[in-house]
Number of protein chains: 2
Amino acid sequence: MENALVRKLEGYISLSPDDKRQLNAIIRNPRHVPAHTDLATEGDKPTSVHLVMEGFACRYKFTAEGNRQIMAYLLPGDFCDMHVVVLKQMDHSIATISPCTVVDIPRDHILALLQKPTLSLALWCAALVDAAVLREWLVNVGQRRAGQRLAHVLCELLLRLRIVGLADNSYDLPLSQKDLADTIGVSNVHLNRVLQDLRREDLITWKAEHLVIKDIDRLMEYSGFNPNYLHIGRQGANPDARTD
Amino acid sequence: MENALVRKLEGYISLSPDDKRQLNAIIRNPRHVPAHTDLATEGDKPTSVHLVMEGFACRYKFTAEGNRQIMAYLLPGDFCDMHVVVLKQMDHSIATISPCTVVDIPRDHILALLQKPTLSLALWCAALVDAAVLREWLVNVGQRRAGQRLAHVLCELLLRLRIVGLADNSYDLPLSQKDLADTIGVSNVHLNRVLQDLRREDLITWKAEHLVIKDIDRLMEYSGFNPNYLHIGRQGANPDARTD
DNA sequence: CGCTGGCAATAACAAATGTTAGAAAGGAAA
DNA sequence: TTTCCTTTCTAACATTTGTTATTGCCAGCG
């Protein structure tokens with residue numbers, strides 16, 4: 001089994017053995033990071049790209065009034081930030097949620113990857129899909145009501161975890177209700193309300209950090225979920241990738 | 001005066017005369033597009049990258065329930081979508097708001113630019129800043145209340161239009177109230193309410209498509225605006241760009 | 001074993017925002 | 001001008017969501 005990064009990128013574009021070798025070469029020296037630990041903090045000068053290999057991490061930002069918005073979940077195979085390549089300052093923070101295995105990739109190694117046309121396109125793919133996910137989150141928070149928003153996030157996590165082989169119809173969800181509330185832009189009290197709705201509708205169960213989606217079709221229907229923005233196909237094979 | 005694209009990219013990274021020549025070479029054959037016209041529609045196979053040279057355009061998406069979310073404003077110098085490089089299907093639509101001058105850049109020309117290290121980095125910059133703007137929009141919609149959201153959007157447009165020389169303390173804003181409502185995720189009625197608030201507080205005037213910001217410091221204070229996410233400096237000179 | 005602290009669940013009430021409807025204002029075209 | 005149409009503005013009321021507070025649960029730890 002390939003690692004999560006190669007597996008994800010191959011969903012976008014086919015990689016030669018040499019490409020894969022070069023990718024594997026940069027993910028040396030993984031380190032373990034405890035839960036709830038910043039990998040990068042707003043205002044820092046970014047020094048390396050972080051790549052999550054195991055565990056759950058997130059991007060987040062606090063407003064001037066002290067409210068937190070989670071802007072992305074970073075799952076195994078996800079680059080935390082390509083900012084290091086060109087920007088001088090982090091405009092948001094990145095933190096682990098569960099204990100994680102993380103690889104730090106120096107800027108020069110990323111620049112080297114960008115020299116190779118195929119890998120450059122693969123990294124563009126990853127970045128463009130990240131942006132597509134972010135756009136869908138904006139739609140979610142801007143246009144859907146709280147119950148739908150929550151269901152939508154749970155659908156997305158299911159599909160993204162499936163890509164890297166970490167879910168079937170259930171998955172480990174090491175988030176607190178406050179984390180989810182800060183993801184969909186509601187109070188923790190209201191999050192609990194709509195969570196009870198999903199349970200009452202028998203759409204999910206969630207206890208001891210394990211989420212079971214009892215009927216994915218109904219949950220997608222409930223939330224208005226359309227997976228096109230993830231640009232994936234079934235079982236990680238991606239019919240949406242360009243082959244020309 | 002350089003064109004808006006070169007002007008914007010030079011804010012991120014310094015370009016050689018040859019780089020600029022190559023950039024100028026791809027922005028041939030601008031065409032005029034009427035207001036309220038799709039440049040690309042969700043589900044399309046993207047065929048070329050659109051670059052806005054004049055006018056206002058936007059990204060948007062409709063939910064299953066028929067609500068529209070505007071996900072970005074595309075101003076002069078902005079690439080509409082790099083999707084064409086690698087993705088097979090548009091996951092959202094792009095439309096003009098005002099009449100626009102647009103350049104269509106074939107996929108191969110973009111790939112050629114990506115071969116040149118400096119231009120490749122410049123395009124990464126543009127993409128990373130676009131993503132940063134999108135994240136801030138998510139924070140805006142998720143964590144601020146309607147009045148602050150509106151003020152925040154107006155602050156951002158001021159700064160972004162200044163970069164390309166299209167604003168001082170006022171600018172042309174060819175949007176309807178419904179457009180703004182669909183941007184910050186509120187109803188048109190509520191948008192009007194908070195707009196009246198801003199007028200009553202003497203923060204702005206807006207009529208005949210011209211917006212005047214009467215006190216930018218107070219408006220930034222009001223909205224909790226922090227410009228760091230735009231990664232710009234004063235007058236388009238960008239102290240935030242890496243020079244190493 | 002019993003603290004203790006964080007998280008989850010619930011209730012009661014307050015505030016923000018949505019919905020519906022209609023009147024007023026403005027622009028474009030006959 | 002008049003008409004027509006879109007947009008803006010306002011009001012009244014409905015609904016969603018936030019706030020504050022309290023309770024119970026459970027894991028970690030002395």
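All values derive from a computational prediction rather than experimental measurement. Just so it is clear: chains get the letters A, B, ... in the order the sequence lines come, proteins before strands, and each one is counted from 1.
Residues A/Asn188 and A/Arg145 both approach DNA chain D. Their nearest nucleotides, taken by heavy-atom distance, put A/Arg145 toward the 5′ side. Between B/Arg149 and A/Leu195, the one whose closest nucleotide on DNA chain C sits nearer the 5' end is A/Leu195.
One atom, CG of B/Leu180, and another, P of D/dT8, lie 9 Å apart when rounded to the nearest Å. To the nearest angstrom, P of D/dG18 lies 16 Å from CZ of B/Arg144. Here the P atom of nucleotide C/dG26 and the CD atom of B/Glu209 are 14 Å apart, to the nearest Å. Atom CD of B/Gln143 is separated from atom P of D/dG18 by 9 Å (rounded to the nearest Å). Distance B/Asp179 CG to D/dT6 P: 15 Å, rounded to the nearest Å. Rounded to an integer number of Å, the gap from NZ of A/Lys178 to C1' of C/dA8 is 14 Å. Whole-Å rounding puts the A/Leu173 CG to C/dC7 C1' distance at 15 Å. Rounded to whole Å, the distance from CG on B/Leu191 to P on C/dG18 is 10 Å.
Contact annotation for A/Ser187: base contact, defined as any heavy-atom pair under 4.0 Å involving a base atom. When heavy atoms are screened at a 4.0 angstrom cut-off, B/Val189 is found touching base atoms of the nucleic acid. Heavy atoms of A/Gly185 sit under 4.0 angstrom from primed sugar atoms or phosphate atoms, though from no base atom.
For the side-chain hydrogen bond (donor to acceptor under 3.5 Å, both in side chains) test with B/Tyr73, the passing option among B/Asp179, B/Asp78, B/Thr183 is B/Thr183; the others fail.
For B/His190, whose side chain is taken as the heavy atoms from C-beta onward, the closest listed nucleotide among C/dA8, D/dC9, C/dG18 is C/dG18. Picking from C/dT17, D/dG18, D/dT7 the nucleotide with the shortest atom distance to the side chain of A/Val186 gives D/dG18.
Of the possible donor and acceptor atoms, one in the side chain of A/Asp168 sits under 3.5 Å from a partner among the backbone N and O of A/Ser170. Side-chain N or O atoms of A/Ser98 include one that pairs as donor or acceptor with a backbone N or O of A/Phe56 at under 3.5 Å.
Contact check, A/Arg199 against C/dA8: no side-chain N or O comes under 4.0 Å of OP1 or OP2. Proximity of A/Asn192 to the phosphate of C/dA9: a side-chain N or O atom is located under 4.0 Å from OP1 or OP2. Side-chain N/O atoms of B/Arg193 include none lying less than 4.0 angstrom from OP1 or OP2 on C/dA16.
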Practice task
Start with the C-alpha gap between A/Glu136 and B/Lys61, add the side-chain angles, then the distance that decides, and say whether salt bridge (charged side-chain N to carboxylate O under 4.0 Å, His left out) holds.
Solution key: CA-CA 9 Å; A/Glu136 187 62 31; B/Lys61 189 187 268 193; 2.5 Å; yes
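A salt bridge links B/Asp91 with A/Arg135; the closest basic N to acidic carboxylate O contact falls under 4.0 Å.
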